[in-house]
2 protein chains.
Amino acid sequence: MTHLALSDRTLELVARRFRYLGEPFRLRILQSLSRGEKTVGQLVEDLDANQPNVSKHLQMLLEAGLVSRRKEGTSRVYSMGDPMLLTLCDLVCRSARERTEEDLAELQSAQARKP
Amino acid sequence: MTHLALSDRTLELVARRFRYLGEPFRLRILQSLSRGEKTVGQLVEDLDANQPNVSKHLQMLLEAGLVSRRKEGTSRVYSMGDPMLLTLCDLVCRSARERTEEDLAELQSAQARKP
DNA sequence: CCCCAATATTATTATGTACGCATATATAAA
DNA sequence: TTTATATATGCGTACATAATAATATTGGGG
């Protein structure tokens with residue numbers, strides 16, 4: 001992004017990563033995993049979601065290297081798969097929060113002018 | 001993401017940001033803008049794309065606060081809108097590159113074992 | 001081997017989104 | 001005001017993706 005030209009393939013990989021992060025439900029999964037590794041069943045309970053949906057999203061996250069997993073008996077234990085993730089989400093969350101605050105401030109000053 | 005629970009609204013905002021970043025063409029736009037601010041026409045030329053498409057993607061990026069713009073005569077000059085972006089893309093690109101290398105290494109060792 | 005529990009996969013349907021084309025808006029110049 | 005240039009918007013089509021329900025698979029215990 002900075003200065004180097006990325007190949008189409010790399011660009012597609014990076015885009016996929018962002019795209020896979022761009023789903024509220026998957027963000028909730030990652031948020032849950034950030035508090036500790038969990039089995040599919042634990043995620044289903046924690047997120048109050050249905051199991052096939054959780055499995056499918058986990059599969060996508062796994063594909064993109066955003067989570068990793070290990071077997072444990074008949075269960076699969078999933079965990080955050082990329083140390084970059086915490087930093088990344090922190091960045092975006094902070095920035096989004098700042099932006100929300102800016103919007104709020106604008107809204108308030110607009111209300112102060114108008115009525 | 002780290003420890004705090006995000007509201008549904010914030011989660012949706014963050015997800016939208018990631019989703020908007022998750023399109024190769026929009027990444028190319030940002031990559032181009034990272035080398036300096038540009039008008040729509042300059043982007044069209046630089047990316048060899050058609051104008052309405054560029055305008056539409058710029059509109060989305062603007063919505064999400066990922067680019068900003070100013071008027072200059074009859075033109076609009078767009079630029080990177082969030083200082084976080086460079087860091088962010090750097091992170092993801094590096095991580096994606098590492099992952100690609102891992103995949104490559106796995107593939108090679110698999111080939112070494114198999115035949 | 002059979003059964004049960006945990007997880008994954010498939011099929012279906014509904015919704016979202018990108019692209020290209022045509023067209024609308026805006027601003028500057030004649 | 002008319003014309004030309006730059007940018008934005010609307011529309012239709014093709015394709016991607018999410019949610020749900022039903023079903024398959026995998027591994028452990030009896």
Side-chain angles (χ1 to χ4, degrees), chain A residues 8-9 11-33 36-79 81, chain B residues 8-9 11-33 36-79 81:
Chain A
D8 283 0
R9 169 159 168 68
L11 209 60
E12 174 49 47
L13 275 176
V14 173
R16 193 184 61 172
R17 278 200 148 189
F18 278 129
R19 201 165 55 243
Y20 282 10
L21 287 170
E23 188 62 38
F25 188 66
R26 282 194 287 271
L27 287 182
R28 292 214 299 140
I29 290 178
L30 290 172
Q31 188 173 308
S32 180
L33 290 181
E37 56 175 27
K38 290 191 177 61
T39 67
V40 176
Q42 287 171 328
L43 281 169
V44 167
E45 184 179 9
D46 189 37
L47 302 175
D48 192 30
N50 76 8
Q51 177 267 318
N53 207 19
V54 172
S55 278
K56 205 184 358 162
H57 285 299
L58 284 170
Q59 194 60 35
M60 298 177 72
L61 293 171
L62 186 67
E63 241 182 76
L66 296 169
V67 302
S68 52
R69 72 181 179 194
R70 66 170 203 277
K71 284 191 199 176
E72 190 159 293
T74 159
S75 295
R76 303 267 202 170
V77 184
Y78 283 83
S79 54
Chain B
D8 282 0
R9 169 161 168 65
L11 208 61
E12 173 51 47
L13 274 177
V14 173
R16 192 185 61 170
R17 277 200 149 189
F18 279 129
R19 199 164 57 241
Y20 282 10
L21 287 169
E23 187 63 39
F25 188 67
R26 282 193 288 271
L27 288 182
R28 292 214 300 140
I29 290 178
L30 291 171
Q31 187 172 310
S32 179
L33 290 181
E37 57 175 27
K38 290 191 178 60
T39 66
V40 177
Q42 287 171 328
L43 282 169
V44 167
E45 184 179 11
D46 190 35
L47 301 175
D48 193 28
N50 78 6
Q51 178 267 317
N53 206 21
V54 172
S55 278
K56 257 179 291 188
H57 285 300
L58 284 170
Q59 194 61 36
M60 298 178 72
L61 293 172
L62 186 68
E63 241 182 75
L66 297 169
V67 302
S68 51
R69 73 180 178 194
R70 65 171 203 278
K71 283 191 199 174
E72 189 159 294
T74 159
S75 295
R76 302 265 204 173
V77 183
Y78 283 83
S79 53

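Computed from a predicted structure; not experimentally measured. Values reported hereafter were calculated over all heavy atoms of this structure, with side chains retained and with hydrogens, waters and symmetry mates removed. Here is how names work: the chains are called A, B, and so on, in the same order as the sequence lines, proteins then strands, and each is numbered from 1.
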Starting at atom CZ of A/R19, determine the distance to atom P of D/dA18, rounded to an integer number of angstrom.
-> 9 Å
Gap between atoms CD and C1', on A/E45 and C/dT7 respectively (whole Å) | 16 Å
Separation of D/dA8 C1' from B/L43 CG (nearest whole Å) = 15 Å
Under 4.0 Å between any heavy atoms, over every strand shown, what does B/Y20 touch: base, sugar-phosphate, or nothing? Just pick one.
-> nothing
Please confirm whether the backbone N or O of B/R76 pairs with a side-chain atom of B/R69, one donor and one acceptor, at under 3.5 Å?
-> no
Length of the line joining B/N50:CG and D/dT9:P, which is rounded to integer Å | 15 Å
Flag the pair B/L62 / B/L58 as yes when at least one side-chain heavy-atom distance between them is below 4.5 Å, and no otherwise.
-> no
Measure distances between side-chain N and O atoms of A/K56 and base N and O atoms of D/dA19, and say whether any donor-acceptor pair falls under 3.5 Å.
-> yes
Just to confirm, is there a sub-4.0 Å distance from OP1 or OP2 of D/dT7 to any side-chain nitrogen or oxygen of B/R69?
-> no
Rounded distance (Å) that lies between atom P of C/dC21 and atom CG of B/N53 = 11 Å
Under 4.0 Å between a side-chain N or O of B/R76 and OP1 or OP2 of D/dA8?
-> yes
Phosphate OP1/OP2 of C/dA8: any A/S55 side-chain N/O under 4.0 Å | yes
Spacing of B/L62 atom CG relative to D/dT9 atom P, expressed in whole Å | 10 Å
When the distance from CG of A/L58 to P of C/dA6 is rounded to whole Å, what number comes out?
-> 16 Å
Any N or O donor-acceptor pair linking the side chain of A/Q51 to the base of C/dA6 at under 3.5 Å?
-> no
D/dA21, C/dA18, D/dA18: which one has an atom nearest the side-chain heavy atoms of A/P52?
-> D/dA21
Main-chain N/O of B/E63 paired to B/R16 side chain as donor or acceptor, under 3.5 Å | yes
For A/Q59 and C/dA8, what is the distance between atoms CD and P respectively, to the nearest whole Å?
-> 7 Å
Short side-chain N/O contact from B/Y78 to OP1 or OP2 of D/dA6, under 4.0 Å | no
Is there side-chain contact between A/L27 and B/F18, with at least one heavy-atom pair below 4.5 Å?
-> yes
Below 4.0 angstrom from OP1 or OP2 of C/dC19, is there any side-chain N or O of B/H57?
-> yes
When you check the phosphate oxygens OP1 and OP2 of D/dT5, does a side-chain N or O of B/S75 lie under 4.0 Å from one of them?
-> no
Rounded to the nearest 0.5 Å, how far apart are CG of A/L13 and CZ of A/R9?
-> 5.0 Å
Does OP1 or OP2 of C/dT27 have a side-chain N or O of B/K71 closer than 4.0 Å?
-> yes
